[in-house]
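Okay, structure first, notes after.
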Protein chains: 2
Amino acid sequence: MTLPDPGEQARRFIKVREAHRSEVQQDYVELIADLVAARGVARVVDLAERFGVTTATVANTLARLKRDGLVEDRPYRSLCLTAAGTAMAEASRARHDIVVAFLLRLGVSRAVAELDAEGLEHHLSAETLAAMEGFAG
Amino acid sequence: MTLPDPGEQARRFIKVREAHRSEVQQDYVELIADLVAARGVARVVDLAERFGVTTATVANTLARLKRDGLVEDRPYRSLCLTAAGTAMAEASRARHDIVVAFLLRLGVSRAVAELDAEGLEHHLSAETLAAMEGFAG
DNA sequence: AAGCAAAGTTAGCCTTGGCTAAACCCTGAA
DNA sequence: TTCAGGGTTTAGCCAAGGCTAACTTTGCTT
Ligand SMILES: [Mn+2]
Ligand SMILES: [Mn+2]
Ligand SMILES: [Mn+2]
Ligand SMILES: [Mn+2]
């Protein structure tokens, strides 16, 4: 019945839109780092398979990551993160792991925890993430 | 080190993209219902103010909601939900309230709970939502 | 009843992030 | 050494969801 303050409410939705603008980049650098750690190389085809998109879409997205200084521009070579990309990947992975651990502690099954974490992780304030980390123990 | 199964991982990202496709509609019908409940009418200019966008953007989005049978098409008149729109609004509000109650119980401040809930709410499986509801008590 | 201000709509533009199809590079096997 | 196939990029398309600017409608005030 009682509506929030208009400006306050607007700030919430603006925050959601900001999160959505950076989340593709976060997920890309995180996966590139994981592939490099596990296999030594990260290939465009692997990203396409694991994101569920075409290689053309991956190429498009990678062009933006290169433009934004997160991925090295080396055509036809294995993908490689810049220092900024590596930093973003580490932060994303740490946050992702906290969210999964939290959901498991909440009693959610592993499959659903991994599923929901992939979207949830981009909408957490520092305060909420800290509370989740504390709860997960 | 150990990577998830590629198909499983792809299904997670596909789910996130599906959630993002429906979330604008869910937030619109929820806010329209709230405005109607609190004021009797929902105007385009109110939506624009509370979403933090221009009235032109609201008009664009409303065209999609009308196309999809969620909002009545009555140019220059107060906004009005269809039966389908009302049902979606009620489900969205119920879920939103569970998420806020859960975050508060977790120990997060009210301001941050309301902030994070707006994005979080669209990435919760039934299992996770049930766990949150149980935890919120 | 007229006029004006606020509300709503329309036109035209942009970026993101999807797609298909086709061209391009690279490499290992013949 | 060639060349076929796999991986990568490019070209061209699309919808969602933002924007500004201009136009139309409504409704209130005088
Ligand atoms: Mn993610
Ligand atoms: Mn992630
Ligand atoms: Mn929301
Ligand atoms: Mn989201």
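Nothing here was measured: the structure is a model prediction, and the numbers come from that model. Reckoned from all heavy atoms, side chains included, excluding hydrogens, waters and symmetry mates.
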Item to complete: Would you mind checking if B:Arg93 and B:Asp97 are paired as a salt bridge, meaning a charged N to carboxylate O distance below 4.0 Å?
Response: yes
Say whether, by atom type as modelled, one donor and one acceptor occur between the side chain of [X] and the main chain of [Y] under 3.5 angstrom.
X	Y	answer
A:Asp5	A:Gly7	yes
A:Arg12	B:Arg50	no
A:Glu127	B:Ser109	yes

Worksheet item: If each of A:Arg67 and A:Tyr76 is mapped to the nucleotide of DNA chain C with the nearest heavy atom, which maps nearer the 5' terminus, i.e. the 5' end?
Response: A:Arg67
Item to complete: Evaluate the ring planes of B:Tyr28 and B:Phe51, with Trp represented by its six-membered ring, and classify them as parallel (under 30°), tilted (30 to 60°) or perpendicular (over 60°).
Response: parallel
Send over the distance from [X] [atom1] to [N] [atom2], rounded to a whole Å.
X	N	atom1	atom2	answer
B:Glu23	D:dA16	CD	C1'	12 Å
B:Leu79	C:dT9	CG	C1'	13 Å
B:Arg77	C:dA6	CZ	P	22 Å
A:Glu18	C:dT16	CD	C1'	16 Å
B:Phe13	C:dT16	CZ	P	20 Å
A:Asp73	D:dT9	CG	C1'	12 Å
A:Leu65	C:dG17	CG	P	9 Å
B:Arg21	C:dG18	CZ	C1'	9 Å

Pair [X], [Y]: side-chain N/O donor-acceptor within cut-off below 3.5 Å:
X	Y	value
A:Thr128	A:Ser125	no
A:His20	B:His20	yes
B:Glu72	B:Thr82	no

Worksheet entry | Phosphate contact (C:dT16 OP1 or OP2) by A:Arg64 side-chain N/O below 4.0 Å | no
Discussion item. For D:dT25 and B:Arg74 - does any side-chain N or O of the residue sit under 4.0 Å from the phosphate oxygens OP1/OP2?
Written reply: no
Worksheet entry | Positions of residues 47-62 of chain B (non-hydrogen atom under 4.0 Å from DNA chain C), listed by number | B:Thr55, B:Ala56, B:Ala59
Worksheet item: What parts of residues 24-45 of chain A reach DNA chain C, counting only heavy atoms under 4.0 Å away?
Response: A:Val24
Worksheet item: About how many Å separate CZ of B:Arg11 and CG of A:Leu115, when rounded to the nearest 0.5 Å?
Response: 9.0 Å
